[in-house]
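Just so you know, ligand 1 is whichever comes first in the structure, and atom 1 is the first atom listed for that ligand. These values consider heavy atoms only, across backbone and side chains, with no hydrogens, waters or symmetry-generated copies. In this text, all values refer to a predicted model and were calculated from it rather than measured experimentally.
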Amino acid sequence: MSEGYPRVDFRNGARGILTWVEVHGTRPVPASLEILRPARELADKLATEVTSVLIGSGVGATAREVIAHGADRVIVVDDPRLAEYLVLPYASVFSEIIRSHRPEIALFGATTSGRELAPRIASRVRAGVTADCTHLEVGDFLWKRRKTIMHPCLEAIRPSYGESKLATIVGFWCPQMATARPGAFAPLPADPARRGEILELMPRLAPDDFSVSILETVRAARGADGLFSAEVIVTGGRPCGELDSFELVRSLVRVLQERGVRSEWGASRQAVDAGYVPHERQIGQTGKTVRPKIYVAVAVSGAVQHLAGMKESGSVVAINKDPAAPIFKNADFGIVGDYREVLPLLVERVRSGFLFGLAVPHPTGAELETARTA
Ligand code: FAD
């Protein structure tokens with residue numbers, strides 16, 4: 001029916017994909033490297049380039065790493081006044097770059113800062129932002145009322161209606177802006193041989209950009225960041241807080257770590273809301289999105305909002321005393337039983353070499369020592 005409708009390229013000369021490389025100190029945060037995967041894939045489909053913006057103090061050396069992870073060009077804005085993230089000057093720098101480079105798409109990690117910065121920039125450059133995306137594609141949009149096919153649109157896809165539906169959001173203004181949930185995309189493997197261009201920019205900043213100043217920065221303990229790189233995540237539900245303060249969940253993680261497996265523990269929202277566990281360990285729609293090789297759900301019911309944060313896991317092992325618990329419908333392996341009986345047995349099995357079928361683990365400190373002295 002749409003045959004014969006005119007195809008309208010609405011970009012009006014805007015080209016290329018822009019991403020923000022958020023840094024802590026001089027190190028890129030994982031979400032900034034993750035966003036380079038969809039940026040690269042979109043750029044390849046659109047036959048265009050990825051330009052990343054790196055703002056901070058002493059960050060020049062990080063540019064190579066950004067190129068190794070998929071950028072074609074890095075704009076480095078190195079200024080001691082910008083050592084710590086501040087929304088006003090960062091938004092000014094970005095708006096200046098958007099006006100001069102005219103990208104068709106701009107992507108940000110949906111970190112605390114990314115969620116603040118992206119809409120601030122959007123309001124300055126008169127664009128819109130789709131927040132918290134889990135998929136990013138390009139495609140055509142059939143605008144029935146106007147009998148027109150708009151292309152090429154950024155299809156910003158995000159869960160909605162309590163994760164029960166996926167909404168695809170498009171807009172016909174450039175830059176088309178989106179933030180992506182941390183953990184939703186796996187970073188591309190670093191390729192140190194990749195070549196790219198590094199540009200330096202001296203931004204035009206006004207005194208008003210510094211009307212807020214940072215007196216002190218206190219970074220939280222980084223334990224829960226390991227959830228994004230863990231091979232095994234053991235997550236406890238509310239009962240694990242109630243019955244043993246997560247001791248058994250943590251003991252399984254400890255013994256896996258002792259065997260050299262990168263492991264972390266997480267929690268359901270009920271366990272967090274009840275105050276047993278800090279929010280930084282929550283998995284799910286309003287927590288972290290993770291994709292470990294093995295996800296062990298211990299006394300977790302399997303609510304749709306929880307599944308939203310772990311359904312990309314390699315294999316799911318569920319332990320629940322209720323055989324009708326929904327988590328079993330989403331598990332590759334199920335154990336029906338009281339976790340207080342099952343977990344001690346599992347801990348023993350791991351001690352004697354069972355590693356959930358994972359390939360050769362990293363050698364433990366003790367094993368390295370033995371090998372060295374042998
Ligand atoms: P429960 O639902 O109480 O389930 C406990 C499970 O443990 C049951 O299946 C029970 O059979 C089993 N059990 C009990 N005792 C034992 C035992 N001794 N041994 C073995 N099994 C046992 N939830 C999230 O997890 N993450 C989110 O990000 C999230 N976001 C949300 C956002 C919104 C807008 C809303 C409305 C809800 C959200 N939720 C989220 C909450 C979600 O709907 C569920 O309420 C929550 O996931 C349930 O947590 P739970 O499985 O620990 O607890």
Side-chain angles (χ1 to χ4, degrees), residues 31 109-112 115 131-135 158-167 179-185 223-228 230 232-253 264-292 294-313 316-349:
T111 58
T112 307
R115 284 169 204 245
D132 253 2
C133 298
T134 52
H135 299 82
R158 50 152 302 152
S160 58
Y161 297 111
E163 304 283 324
S164 60
K165 301 270 184 298
L166 282 178
T179 67
R181 271 189 200 177
F185 298 95
D225 280 1
L227 282 164
F228 293 123
V232 180
I233 292 178
V234 186
T235 288
R238 181 190 42 77
C240 299
E242 238 164 56
L243 300 175
D244 74 329
S245 308
F246 271 69
E247 201 31 62
L248 281 166
V249 164
R250 282 197 295 237
S251 68
L252 179 55
V253 168
E264 266 303 340
W265 61 280
S268 71
R269 175 160 165 179
Q270 292 258 6
V272 172
D273 284 354
Y276 299 119
V277 176
H279 177 259
E280 58 174 4
R281 293 204 176 261
Q282 182 182 315
I283 310 296
Q285 179 189 334
T286 42
K288 289 192 161 63
T289 304
V290 293
R291 47 173 72 233
I294 308 285
Y295 189 84
V296 187
V298 182
V300 170
S301 58
V304 66
Q305 296 90 354
H306 186 82
L307 300 176
M310 45 65 78
K311 61 177 185 259
E312 301 293 329
S313 304
V316 176
V317 181
I319 302 167
N320 198 300
K321 69 177 186 185
D322 176 5
I327 190 72
F328 286 126
K329 290 204 183 78
N330 295 281
D332 301 282
F333 304 94
I335 303 173
V336 179
D338 189 316
Y339 81 90
R340 288 168 295 175
E341 289 164 19
V342 178
L343 280 193
L345 298 174
L346 210 42
V347 166
E348 273 320 303
R349 291 292 304 275

Engineer: Looking only at heavy atoms, which two atoms of Val300 and Thr235 are closest? And how far apart?
Structural biologist: CG2-O, 3.8 Å
Engineer: Tell me the closest heavy-atom pair linking Glu280 and Leu227, and the distance in Å.
Structural biologist: O-CD1, 3.9 Å
Engineer: Drop me the distance from Cys240's SG to Arg340's CZ, to the nearest 0.5 angstrom.
Structural biologist: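 So the SG of Cys240 and the CZ of Arg340 are separated by 9.5 Å.
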Engineer: Using the test salt bridge (Lys or Arg N to Asp or Glu O under 4.0 Å), find all partners of Glu341 that sit at least two apart in sequence or belong to another chain.
Structural biologist: none
Engineer: Using a strict cut-off of 4.0 Å, indicate which atoms of ligand 1 neighbour a heavy atom of Gly284.
Structural biologist: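 Atoms satisfying the 4.0 Å criterion: 26 (N), 27 (C), 28 (O).
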Engineer: What closest approach, in Å, do Pro159 and Arg181 show between heavy atoms, and which atom pair accounts for it?
Structural biologist: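 Heavy atoms only, the tightest pair is CG-NH2, 3.8 Å.
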Engineer: Which of the numbered atoms in ligand 1 are below 4.0 angstrom from a heavy atom of Val300?
Structural biologist: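 Matching atoms, with element in brackets: 51 (O).
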Engineer: With respect to atom 3 (O) of ligand 1, which of Arg238, Gln270, His306, Arg269 exhibits the smallest heavy-atom separation?
Structural biologist: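 Ranked by closest heavy atom to atom 3 (O) of ligand 1, first place is Arg238.
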Engineer: Tell me whether Leu243 has any N or O atom under 3.5 angstrom from an N or O of ligand 1.
Structural biologist: no
Engineer: What's the spacing between Asn320 CG and Ile335 CD1 if we round to 0.5 Å?
Structural biologist: 11.0 Å
Engineer: Minimum heavy-atom separation for Ser160 to Ala167, with atom names?
Structural biologist: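 Result for this residue pair: OG-CB, 3.7 Å.
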Engineer: Tell me the closest heavy-atom pair linking Thr289 and Phe228, and the distance in Å.
Structural biologist: O-CE2, 3.5 Å
Engineer: Which pair of non-hydrogen atoms, one from Pro326 and one from Gly302, has the smallest distance, and what is that distance?
Structural biologist: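 Taking Pro326 first and Gly302 second, the nearest heavy atoms are CB-O, 3.9 Å.
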Engineer: Provide the number and element of each atom of ligand 1 under 4.0 Å from a heavy atom of Asp338.
Structural biologist: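 With Asp338 as reference, the close atoms of ligand 1 come out as 17 (C), 18 (N), 19 (N).
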Engineer: Is the closest heavy-atom distance from Gly287 to ligand 1 below 4.0 Å?
Structural biologist: yes
Engineer: Name the option, out of Lys321, His279, Gln285, that contains the heavy atom nearest to atom 20 (C) of ligand 1.
Structural biologist: Lys321
Engineer: Give the single entry among Lys288, Gln305, Arg340 that approaches atom 43 (O) of ligand 1 most closely by any heavy atom.
Structural biologist: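 It is Gln305 whose heavy atom sits nearest to atom 43 (O) of ligand 1.
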Engineer: Based purely on interatomic distance, does Ile283 place a nitrogen or oxygen under 3.5 Å from a nitrogen or oxygen of ligand 1?
Structural biologist: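 Indeed, backbone or side chain, Ile283 has an N or O that close.
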Engineer: Using 4.0 Å as the upper bound for N to carboxylate O, is an ion pair formed by Arg238 and Asp273?
Structural biologist: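 Salt bridge flag = no for Arg238 with Asp273.
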Engineer: Counting heavy atoms only, which of Gly236, Pro239, Ala299 comes nearest to atom 14 (C) of ligand 1?
Structural biologist: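 It is Pro239 whose heavy atom sits nearest to atom 14 (C) of ligand 1.
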Engineer: If you measure from atom 50 (P) of ligand 1 to every heavy atom of Gly337, Cys240, Ser268, Ala325, which option wins on shortest distance?
Structural biologist: Ser268
Engineer: For ligand 1, which atoms have a heavy atom of Asp322 less than 4.0 angstrom away?
Structural biologist: 11 (O)
Engineer: With a cut-off of 4.0 Å, which atoms of ligand 1 are near a heavy atom of Gly237?
Structural biologist: 52 (O)
Engineer: Could you tell me which atoms of ligand 1, counted from 1 in the order shown, lie closer than 4.0 angstrom to a heavy atom of Gln282?
Structural biologist: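 It comes down to these atoms of ligand 1: 26 (N), 27 (C), 28 (O), 29 (C).
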Engineer: Mark up the atoms of ligand 1 that fall under 4.0 Å of a heavy atom belonging to Ala303, in ascending order.
Structural biologist: 42 (C), 43 (O), 44 (C), 47 (O)
